[in-house]
Engineer: 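Before anything else, here's the structure in question.
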Number of protein chains: 2
Amino acid sequence: MPLIPQTVREQVTNQIRNDLLSGRFPAGTMLREIELAARFGVSRGPVRDAFIQLSHEGYLAYQANRGVMVRHPPDPRDREFITELRLKIETYVIERGFEDKSDESVNSVELALERLKEACDSGEASQVAIRDIEFHQKILLACGGDDLVPTWRQLCSRMLLTYTRLGDYSQAYKEHVAIFEPFRDGDMKKTVAAIQANIK
Amino acid sequence: MPLIPQTVREQVTNQIRNDLLSGRFPAGTMLREIELAARFGVSRGPVRDAFIQLSHEGYLAYQANRGVMVRHPPDPRDREFITELRLKIETYVIERGFEDKSDESVNSVELALERLKEACDSGEASQVAIRDIEFHQKILLACGGDDLVPTWRQLCSRMLLTYTRLGDYSQAYKEHVAIFEPFRDGDMKKTVAAIQANIK
DNA sequence: GGTCTAATTATTGTTAACATCATACATTCG
DNA sequence: CGAATGTATGATGTTAACAATAATTAGACC
């Protein structure tokens, strides 16, 4: 496993994203650069960069000269539509690039599956959410879907903001095993079907 | 018309986006913070912010410690799919929020239409592209589609990177008039139909 | 000649100080 | 008393200097 040198900005971004997903910052909260910079022991620069990034990921709403606010989860009426779009993208990318996947990329998906298992075992909702997304993203990247990943990610991210309590994630893990196995074995149809069952 | 105080970052972002759309920076080009900062007569900070933002909009590819590269237009094979997604979002937002639109928002759409006309008259492809997007965005916002605009924008933006030469945009303008008129008069079906005809 | 290593250079990453803006509150004038 | 104006404060916006990283070049060694 390669040592990934993480920049301060990335660490800050990941930490804030994690806090957002775990409900530490409720919707509507104003986030202050100074406050977070102090907490992480860094300057305002990277925090600022993280704000811009997370705004584009859909978690925060940016207002010039006024800072950022934690966005509300999508309107319940929109959730179904967003899910539909997400599924459409995943299906398209997989059907389009299923044959292109390499052994290496299959391995990276398997690694993501292991990380998801750890998160599920821990029972922490925010970690499960992050690893879940990561798993799906690895599959998309394996199928050459780089171009559509940013858009896809934006759709997923917002959905996650919905509060989820601690719980039993053994079922969720099983669903992802059911995605990985046909993916590894080269059965595209079953892979897509398993994903549809997982997301819907 | 309200005076909109534009922050340096916004100006820089807009200028770079415009340059990208007008083909000043070909795909694959590495963009340097220092170079652009010098050109605009500002420091690296806002340029840096603009890079992060434009990366998320899909124009640039970001690599840690290595800077940003101008992305290539989407694969021709993907263009149809992306257009389909874009259309799906516009249709959904309009059908969902058509009744919510206020007189004020109709005015802002009309204003955007006038700006589009100016751009079409000038014949500058990049300006037409920007005003075109702006017009559609105003409609989405008027229908309460704030939540989906960032995602929608990402889809459009990438599409625009395809090189378009100077040309006659009177037809394009007419198509947008055909969108605006039923929109203003409260005819949802015709509005959606006109948009479909315009995008396809 | 080719290749590995070390010094150089150019570029991005981070920081802290300063400038600007928005808000809340106090004050003044009608 | 109420509206408008001025001021204080706390936030973001911007800058320039410094640190760390990646790419490049020069040179030693085989």
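The model shown is predicted, which means the values in this text are computed figures rather than measured ones.
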Engineer: Could you state the atom-to-atom distance from CD of B/E33 to P of D/dT21 in whole Å?
Structural biologist: 16 Å
Engineer: Measure the distance from CZ on B/R32 to P on C/dT11 and round it to the nearest whole Å.
Structural biologist: 5 Å
Engineer: Figure out the CE/C1' separation between A/M69 and D/dT12, and round it to whole Å.
Structural biologist: 17 Å
Engineer: Do any of residues 50-60 of chain A sit with a heavy atom less than 4.0 Å from DNA chain D, and if so which?
Structural biologist: none
Engineer: Which sits closer to the 5' end of DNA chain C, B/G67 or A/A64, going by the nucleotide each is nearest to?
Structural biologist: B/G67
Engineer: Parallel, tilted or perpendicular, judged at 30° and 60°: which one describes the rings of B/Y92 and A/F81?
Structural biologist: parallel
Engineer: Classify the ring geometry between B/H136 and B/H176 as parallel (under 30°), tilted (30 to 60°) or perpendicular (over 60°).
Structural biologist: perpendicular
Engineer: Any salt bridge linking A/R158 with A/D78? Criterion: basic side-chain nitrogen under 4.0 Å from a carboxylate oxygen.
Structural biologist: no
Engineer: Taking the side chain as every heavy atom from C-beta outward, state whether A/E124 and A/S22 have any pair of such atoms under 4.5 Å apart.
Structural biologist: no
Engineer: What are the two closest heavy atoms between B/R71 and B/L161, and how far apart are they?
Structural biologist: O-CD1, 3.7 Å
Engineer: Whole-Å distance between C/dA24 P and A/M30 CE?
Structural biologist: 11 Å
Engineer: For B/F135 versus B/A112, what's the shortest heavy-atom pair and its separation?
Structural biologist: CA-CB, 3.9 Å
Engineer: Do the charged groups of A/R79 and A/D75 touch, with an N to O distance under 4.0 Å?
Structural biologist: no
Engineer: Which heavy atom in B/R115 sits nearest to a heavy atom in B/E134, and how many Å separate them?
Structural biologist: NH1-OE1, 3.5 Å
Engineer: When the distance from CZ of A/R66 to C1' of C/dT20 is rounded to whole Å, what number comes out?
Structural biologist: 16 Å
Engineer: Strictly under 4.0 angstrom, non-hydrogen atoms only: write out the protein contact profile of nucleotides 14-19 of chain D, one letter per nucleotide from the 5' end, B, S or -.
Structural biologist: BB-B--
Engineer: Atom CD1 of B/I34 and atom P of C/dT12: how far apart are they, to the nearest Å?
Structural biologist: 6 Å
Engineer: Rounded to the Å, how far apart are B/N65 CG and C/dT14 C1'?
Structural biologist: 11 Å
Engineer: Let me know the distance between CD of B/E35 and P of C/dT12, rounded to the nearest Å.
Structural biologist: 10 Å
Engineer: Between A/R17 and A/E57 (salt bridge meaning N to carboxylate O under 4.0 Å), is one present in this structure?
Structural biologist: yes
